[in-house]
Number of protein chains: 2
Amino acid sequence: MSRSNPRVLSTLERAGGFASAQEVYRLMQREGESIGLTTVYRSLQSLVNDKIVDVLRRDDGEAIYRLCGDAHHHHLVCKGCGDTVEIEGGAIEKWAKTMAEEFGFREVGHTAEIFGLCQKC
Amino acid sequence: MSRSNPRVLSTLERAGGFASAQEVYRLMQREGESIGLTTVYRSLQSLVNDKIVDVLRRDDGEAIYRLCGDAHHHHLVCKGCGDTVEIEGGAIEKWAKTMAEEFGFREVGHTAEIFGLCQKC
DNA sequence: ATGGAAATGAAAATCATTTTCATTTGTGAT
DNA sequence: ATCACAAATGAAAATGATTTTCATTTCCAT
Ligand SMILES: [Zn+2]
Ligand SMILES: [Zn+2]
Ligand SMILES: [Zn+2]
Ligand SMILES: [Zn+2]
(Lines give C-alpha, C1' and ligand atoms only; values in the text may rest on other atoms or scores of the structure.)
(Ligands and ions follow the chains in the order given, each with its own letter.)
Protein backbone atom coordinates (compact mmCIF):
# COMPACT_ATOMS: atom_id res chain seq x y z
CA MET A 1 0.00 0.00 0.00
CA SER A 2 1.11 3.56 -0.57
CA ARG A 3 0.26 6.57 1.51
CA SER A 4 -1.53 9.47 -0.09
CA ASN A 5 0.54 12.30 -1.43
CA PRO A 6 -0.59 15.29 0.67
CA ARG A 7 -0.58 17.63 -2.31
CA VAL A 8 -3.33 15.56 -3.89
CA LEU A 9 -5.59 15.98 -0.90
CA SER A 10 -4.78 19.66 -0.74
CA THR A 11 -5.67 20.07 -4.41
CA LEU A 12 -8.92 18.19 -4.01
CA GLU A 13 -9.80 20.52 -1.15
CA ARG A 14 -9.02 23.53 -3.26
CA ALA A 15 -11.12 22.15 -6.12
CA GLY A 16 -14.28 22.34 -4.01
CA GLY A 17 -17.02 19.82 -4.67
CA PHE A 18 -16.26 16.87 -6.91
CA ALA A 19 -13.24 16.30 -9.08
CA SER A 20 -12.08 13.34 -11.12
CA ALA A 21 -8.53 12.00 -10.97
CA GLN A 22 -7.84 13.51 -14.37
CA GLU A 23 -9.13 16.87 -13.20
CA VAL A 24 -7.04 16.85 -10.07
CA TYR A 25 -4.04 15.99 -12.21
CA ARG A 26 -4.68 18.78 -14.73
CA LEU A 27 -5.27 21.25 -11.91
CA MET A 28 -1.96 20.39 -10.32
CA GLN A 29 -0.17 20.74 -13.64
CA ARG A 30 -1.72 24.10 -14.31
CA GLU A 31 -0.46 25.21 -10.92
CA GLY A 32 3.03 24.09 -11.78
CA GLU A 33 3.10 21.11 -9.42
CA SER A 34 5.23 18.25 -10.60
CA ILE A 35 3.36 14.98 -10.12
CA GLY A 36 2.55 11.86 -12.11
CA LEU A 37 -0.94 10.79 -13.04
CA THR A 38 -0.27 7.42 -11.46
CA THR A 39 0.43 9.02 -8.12
CA VAL A 40 -2.79 10.99 -8.32
CA TYR A 41 -4.74 7.78 -8.88
CA ARG A 42 -2.94 5.97 -6.10
CA SER A 43 -3.41 8.82 -3.66
CA LEU A 44 -7.11 9.10 -4.34
CA GLN A 45 -7.56 5.36 -3.93
CA SER A 46 -5.74 5.50 -0.64
CA LEU A 47 -7.90 8.38 0.54
CA VAL A 48 -10.97 6.37 -0.37
CA ASN A 49 -9.67 3.38 1.58
CA ASP A 50 -9.11 5.60 4.58
CA LYS A 51 -12.63 6.99 4.10
CA ILE A 52 -11.29 10.49 3.84
CA VAL A 53 -12.91 10.98 0.47
CA ASP A 54 -16.05 9.67 -1.17
CA VAL A 55 -16.15 8.32 -4.67
CA LEU A 56 -19.11 8.43 -7.00
CA ARG A 57 -19.62 7.97 -10.74
CA ARG A 58 -20.54 10.57 -13.29
CA ASP A 59 -23.16 9.58 -15.83
CA ASP A 60 -20.35 8.95 -18.30
CA GLY A 61 -18.77 6.50 -15.86
CA GLU A 62 -15.82 8.61 -14.76
CA ALA A 63 -15.07 8.33 -11.05
CA ILE A 64 -15.31 11.55 -9.09
CA TYR A 65 -13.93 12.17 -5.63
CA ARG A 66 -14.76 14.55 -2.87
CA LEU A 67 -13.86 15.25 0.72
CA CYS A 68 -16.34 13.74 3.05
CA GLY A 69 -17.01 13.87 6.74
CA ASP A 70 -16.42 10.56 8.48
CA ALA A 71 -19.94 10.09 9.82
CA HIS A 72 -21.76 7.37 7.90
CA HIS A 73 -24.26 8.89 5.52
CA HIS A 74 -25.77 8.56 2.07
CA HIS A 75 -26.10 10.76 -0.97
CA LEU A 76 -28.82 12.32 -3.04
CA VAL A 77 -27.17 13.09 -6.38
CA CYS A 78 -28.43 15.15 -9.31
CA LYS A 79 -28.02 13.33 -12.62
CA GLY A 80 -27.95 16.66 -14.38
CA CYS A 81 -25.44 18.86 -12.60
CA GLY A 82 -23.86 16.48 -10.12
CA ASP A 83 -24.97 18.50 -7.10
CA THR A 84 -25.04 16.32 -4.05
CA VAL A 85 -26.85 16.41 -0.76
CA GLU A 86 -25.68 14.35 2.18
CA ILE A 87 -28.63 12.68 3.84
CA GLU A 88 -29.37 10.56 6.84
CA GLY A 89 -30.05 6.90 6.25
CA GLY A 90 -31.94 6.01 9.40
CA ALA A 91 -34.51 3.86 7.65
CA ILE A 92 -31.85 2.08 5.66
CA GLU A 93 -29.63 1.26 8.57
CA LYS A 94 -32.54 -0.54 10.17
CA TRP A 95 -33.56 -2.24 6.93
CA ALA A 96 -30.05 -3.55 6.29
CA LYS A 97 -29.76 -4.90 9.80
CA THR A 98 -33.15 -6.57 9.71
CA MET A 99 -32.60 -8.21 6.33
CA ALA A 100 -29.13 -9.41 7.23
CA GLU A 101 -30.40 -10.99 10.44
CA GLU A 102 -33.28 -12.66 8.67
CA PHE A 103 -30.85 -14.47 6.37
CA GLY A 104 -28.14 -15.06 8.95
CA PHE A 105 -25.51 -12.74 7.49
CA ARG A 106 -22.66 -11.40 9.62
CA GLU A 107 -20.25 -8.47 9.24
CA VAL A 108 -22.82 -6.59 7.27
CA GLY A 109 -22.38 -3.37 5.36
CA HIS A 110 -24.45 -1.62 2.75
CA THR A 111 -24.52 0.94 0.00
CA ALA A 112 -27.44 3.12 -0.91
CA GLU A 113 -27.80 6.11 -3.14
CA ILE A 114 -30.62 8.16 -4.50
CA PHE A 115 -30.34 9.96 -7.81
CA GLY A 116 -32.64 12.21 -9.78
CA LEU A 117 -32.94 15.70 -11.19
CA CYS A 118 -32.63 18.64 -8.84
CA GLN A 119 -34.84 21.71 -8.98
CA LYS A 120 -32.42 23.66 -11.16
CA CYS A 121 -32.10 20.90 -13.76
CA MET B 1 -30.62 7.02 -35.02
CA SER B 2 -31.04 3.29 -35.20
CA ARG B 3 -33.85 1.18 -33.92
CA SER B 4 -33.16 -1.51 -31.34
CA ASN B 5 -32.51 -5.01 -32.56
CA PRO B 6 -35.33 -7.05 -30.98
CA ARG B 7 -33.05 -9.95 -30.16
CA VAL B 8 -31.09 -7.69 -27.81
CA LEU B 9 -34.19 -6.83 -25.83
CA SER B 10 -35.25 -10.46 -25.77
CA THR B 11 -31.83 -11.46 -24.45
CA LEU B 12 -31.88 -8.79 -21.78
CA GLU B 13 -35.27 -10.10 -20.68
CA ARG B 14 -33.97 -13.62 -20.50
CA ALA B 15 -30.95 -12.47 -18.48
CA GLY B 16 -33.18 -11.39 -15.61
CA GLY B 17 -32.15 -8.39 -13.54
CA PHE B 18 -29.15 -6.37 -14.64
CA ALA B 19 -26.75 -7.12 -17.47
CA SER B 20 -23.96 -5.12 -19.08
CA ALA B 21 -23.62 -4.72 -22.83
CA GLN B 22 -20.70 -7.12 -22.81
CA GLU B 23 -22.72 -9.67 -20.90
CA VAL B 24 -25.65 -9.44 -23.28
CA TYR B 25 -23.24 -9.88 -26.15
CA ARG B 26 -21.54 -12.92 -24.62
CA LEU B 27 -24.90 -14.44 -23.78
CA MET B 28 -26.07 -14.09 -27.36
CA GLN B 29 -22.88 -15.63 -28.64
CA ARG B 30 -23.14 -18.56 -26.30
CA GLU B 31 -26.64 -19.15 -27.61
CA GLY B 32 -25.39 -19.14 -31.16
CA GLU B 33 -26.91 -15.82 -32.18
CA SER B 34 -24.97 -13.92 -34.79
CA ILE B 35 -24.67 -10.29 -33.78
CA GLY B 36 -22.01 -7.63 -33.51
CA LEU B 37 -20.98 -5.96 -30.28
CA THR B 38 -21.62 -2.59 -31.87
CA THR B 39 -25.23 -3.48 -32.53
CA VAL B 40 -25.67 -4.58 -28.93
CA TYR B 41 -24.40 -1.20 -27.73
CA ARG B 42 -26.56 0.70 -30.18
CA SER B 43 -29.65 -1.29 -29.31
CA LEU B 44 -29.22 -0.80 -25.60
CA GLN B 45 -28.69 2.93 -26.05
CA SER B 46 -31.81 3.13 -28.14
CA LEU B 47 -33.79 1.22 -25.51
CA VAL B 48 -32.54 3.66 -22.89
CA ASN B 49 -33.62 6.61 -25.04
CA ASP B 50 -37.05 5.09 -25.39
CA LYS B 51 -37.13 4.53 -21.61
CA ILE B 52 -37.69 0.83 -22.10
CA VAL B 53 -34.62 -0.01 -20.07
CA ASP B 54 -32.88 1.58 -17.11
CA VAL B 55 -29.15 2.09 -16.95
CA LEU B 56 -26.99 2.17 -13.84
CA ARG B 57 -23.28 1.88 -13.12
CA ARG B 58 -21.54 -0.95 -11.37
CA ASP B 59 -18.95 -0.01 -8.78
CA ASP B 60 -16.27 -0.64 -11.39
CA GLY B 61 -17.94 1.85 -13.72
CA GLU B 62 -19.40 -0.62 -16.21
CA ALA B 63 -22.90 0.33 -17.37
CA ILE B 64 -25.61 -2.17 -16.58
CA TYR B 65 -29.07 -2.29 -18.10
CA ARG B 66 -32.37 -3.74 -17.03
CA LEU B 67 -35.94 -3.70 -18.17
CA CYS B 68 -37.81 -0.83 -16.58
CA GLY B 69 -40.82 -2.98 -15.90
CA ASP B 70 -38.82 -5.59 -14.02
CA ALA B 71 -39.97 -6.19 -10.51
CA HIS B 72 -37.84 -3.82 -8.52
CA HIS B 73 -35.80 -5.51 -5.82
CA HIS B 74 -32.48 -5.40 -4.00
CA HIS B 75 -29.70 -7.81 -3.20
CA LEU B 76 -28.07 -9.31 -0.16
CA VAL B 77 -24.66 -10.50 -1.33
CA CYS B 78 -22.13 -12.71 0.44
CA LYS B 79 -18.62 -11.26 0.33
CA GLY B 80 -17.23 -14.76 0.76
CA CYS B 81 -18.94 -16.99 -1.77
CA GLY B 82 -20.92 -14.51 -3.83
CA ASP B 83 -24.26 -16.11 -3.01
CA THR B 84 -27.05 -13.62 -3.52
CA VAL B 85 -30.51 -13.31 -2.09
CA GLU B 86 -33.13 -11.11 -3.70
CA ILE B 87 -34.90 -9.08 -1.05
CA GLU B 88 -37.72 -6.62 -0.76
CA GLY B 89 -36.82 -2.98 -0.24
CA GLY B 90 -40.03 -1.69 1.26
CA ALA B 91 -38.38 0.58 3.79
CA ILE B 92 -35.96 1.93 1.22
CA GLU B 93 -38.54 2.75 -1.38
CA LYS B 94 -40.26 4.97 1.14
CA TRP B 95 -36.98 6.49 2.34
CA ALA B 96 -35.87 7.35 -1.20
CA LYS B 97 -39.19 8.90 -2.03
CA THR B 98 -39.30 10.95 1.15
CA MET B 99 -35.76 12.23 0.82
CA ALA B 100 -36.18 13.12 -2.84
CA GLU B 101 -39.35 15.05 -2.12
CA GLU B 102 -37.78 16.88 0.76
CA PHE B 103 -35.08 18.23 -1.54
CA GLY B 104 -37.28 18.75 -4.59
CA PHE B 105 -35.74 16.08 -6.80
CA ARG B 106 -37.66 14.64 -9.77
CA GLU B 107 -37.30 11.44 -11.81
CA VAL B 108 -35.83 9.70 -8.85
CA GLY B 109 -34.21 6.30 -8.72
CA HIS B 110 -32.00 4.58 -6.22
CA THR B 111 -29.56 1.78 -5.62
CA ALA B 112 -29.13 -0.18 -2.44
CA GLU B 113 -27.24 -3.32 -1.63
CA ILE B 114 -26.38 -5.17 1.50
CA PHE B 115 -23.24 -7.25 1.74
CA GLY B 116 -21.82 -9.45 4.45
CA LEU B 117 -20.84 -13.04 5.23
CA CYS B 118 -23.44 -15.77 4.87
CA GLN B 119 -23.89 -18.62 7.32
CA LYS B 120 -21.68 -20.99 5.33
CA CYS B 121 -18.80 -18.55 5.14
C1' DA C 1 -35.71 -3.93 -60.93
C1' DT C 2 -33.65 0.50 -58.95
C1' DG C 3 -32.24 3.93 -55.72
C1' DG C 4 -31.83 5.56 -51.41
C1' DA C 5 -32.33 5.04 -46.44
C1' DA C 6 -31.52 2.29 -42.42
C1' DA C 7 -29.03 -1.38 -40.16
C1' DT C 8 -24.98 -3.98 -39.44
C1' DG C 9 -20.40 -5.22 -37.79
C1' DA C 10 -15.26 -5.39 -38.20
C1' DA C 11 -11.69 -2.70 -37.19
C1' DA C 12 -9.69 1.44 -35.42
C1' DA C 13 -9.92 5.16 -32.18
C1' DT C 14 -10.83 6.99 -27.53
C1' DC C 15 -10.29 7.42 -22.89
C1' DA C 16 -10.19 6.38 -17.98
C1' DT C 17 -7.88 3.35 -15.16
C1' DT C 18 -4.48 -0.24 -13.85
C1' DT C 19 -0.21 -2.61 -14.17
C1' DT C 20 4.71 -2.99 -14.79
C1' DC C 21 9.04 -1.89 -13.74
C1' DA C 22 13.08 0.86 -13.37
C1' DT C 23 14.49 4.83 -10.77
C1' DT C 24 14.48 7.93 -6.91
C1' DT C 25 13.80 9.04 -2.22
C1' DG C 26 13.53 8.35 2.71
C1' DT C 27 15.01 5.99 6.98
C1' DG C 28 17.49 3.59 10.20
C1' DA C 29 21.50 1.00 11.50
C1' DT C 30 26.53 0.79 11.53
C1' DA D 1 29.03 9.59 6.23
C1' DT D 2 27.98 4.99 4.25
C1' DC D 3 25.29 1.11 3.31
C1' DA D 4 20.96 -1.49 2.90
C1' DC D 5 16.44 -1.84 2.27
C1' DA D 6 11.62 -0.37 2.02
C1' DA D 7 8.41 2.93 0.23
C1' DA D 8 7.15 6.26 -3.23
C1' DT D 9 7.22 7.84 -7.82
C1' DG D 10 6.14 8.18 -12.69
C1' DA D 11 6.79 6.91 -17.64
C1' DA D 12 5.25 3.76 -20.58
C1' DA D 13 2.60 -0.19 -21.76
C1' DA D 14 -1.54 -2.87 -20.99
C1' DT D 15 -6.42 -3.26 -20.17
C1' DG D 16 -11.13 -2.90 -21.00
C1' DA D 17 -15.40 -0.62 -21.91
C1' DT D 18 -17.42 2.32 -25.11
C1' DT D 19 -17.59 5.09 -29.39
C1' DT D 20 -16.51 6.17 -34.08
C1' DT D 21 -15.61 5.12 -38.86
C1' DC D 22 -16.80 3.32 -42.88
C1' DA D 23 -17.68 -0.16 -46.22
C1' DT D 24 -21.16 -3.58 -46.92
C1' DT D 25 -25.70 -5.59 -46.59
C1' DT D 26 -30.65 -5.48 -45.93
C1' DC D 27 -35.18 -3.14 -46.52
C1' DC D 28 -38.64 -0.71 -48.70
C1' DA D 29 -41.03 2.25 -51.66
C1' DT D 30 -41.38 3.44 -56.30
ZN1 LIG E 1 -29.03 19.46 -10.96
ZN1 LIG F 1 -26.20 3.63 5.81
ZN1 LIG G 1 -21.00 -17.04 1.67
ZN1 LIG H 1 -35.63 -0.10 -4.16
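Residue numbers begin at 1 in each chain, while the letters A, B, ... track the order of the sequences.
For the residue pair A:Y25 / A:Q29, a side-chain donor-acceptor distance below 3.5 Å is found, with atom types taken as modelled.
Across all strands shown, B:Q45 has heavy atoms under 4.0 Å from sugar-phosphate atoms exclusively, and none from any base. At the heavy-atom level, A:E62 lies under 4.0 Å from the strands shown only through sugar-phosphate atoms. Heavy atoms of A:S34 sit under 4.0 angstrom from primed sugar atoms or phosphate atoms, though from no base atom.
Rounding to whole angstrom units, CD1 of residue B:I35 and P of C:dG9 are separated by 6 Å. The CG atom of A:N5 sits 14 Å away from the C1' atom of C:dG26 (whole-angstrom rounding). What separates CD of B:E23 from C1' of D:dA17 is a distance of 12 Å, to the nearest Å. Across the protein-nucleic acid pair, A:R57 atom CZ and C:dA16 atom C1' stand 9 Å apart, rounded to whole Å. Counting to the nearest Å, the P atom of D:dA17 and the CD1 atom of B:I64 are 14 Å from each other. Between the CG atom of B:D60 and the P atom of C:dC15 there is a distance of 20 Å, given to the nearest Å. Separating the OH atom of A:Y25 from the C1' atom of C:dT17 is a distance of 14 Å, rounded to the nearest angstrom. Look at CE on B:M28: it is 12 Å from C1' on C:dT8, rounded to the nearest Å.
Where A:R42 and B:R26 each meet DNA chain D at their nearest nucleotide, the meeting point lying more 5' is that of A:R42.
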For nucleotides 22-25 of chain C, print each protein N/O atom paired with a nucleotide N/O atom at under 3.5 Å, atom names and distance only.
none

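Just one of B:V24, B:I52, B:D54, B:L12 meets the side chain to side chain contact (heavy atoms under 4.5 Å, CB included) condition when paired with B:Y65; it is B:L12. Considering A:R7, A:R26, A:R14 as possible partners of A:E31, the one that fulfils the side-chain hydrogen bond (donor to acceptor under 3.5 Å, both in side chains) test is A:R14.
The listed nucleotides are C:dA7, C:dA16, D:dT9; the one nearest the side chain of A:Y41 is C:dA16. Of the candidate nucleotides D:dT9, C:dT8, C:dT17, C:dT17 has the atom lying nearest to any side-chain atom of A:A21. Side-chain proximity of B:T38 to the nucleotides C:dA10, D:dA11, C:dT17 is greatest for C:dA10.
With respect to B:R58 and B:E113, no salt bridge is recorded, no charged nitrogen being found less than 4.0 Å from a carboxylate O.
At a threshold of 4.5 Å between non-hydrogen side-chain atoms, the residues B:I35 and B:V8 count as touching.
Hydrophobic clustering, with ILVMFWY side chains joined whenever heavy atoms are under 4.5 angstrom apart, keeps A:L56 apart from A:L117.
Ring pair B:H74/B:H110 is parallel by interplanar angle, where below 30° counts as parallel and above 60° as perpendicular.
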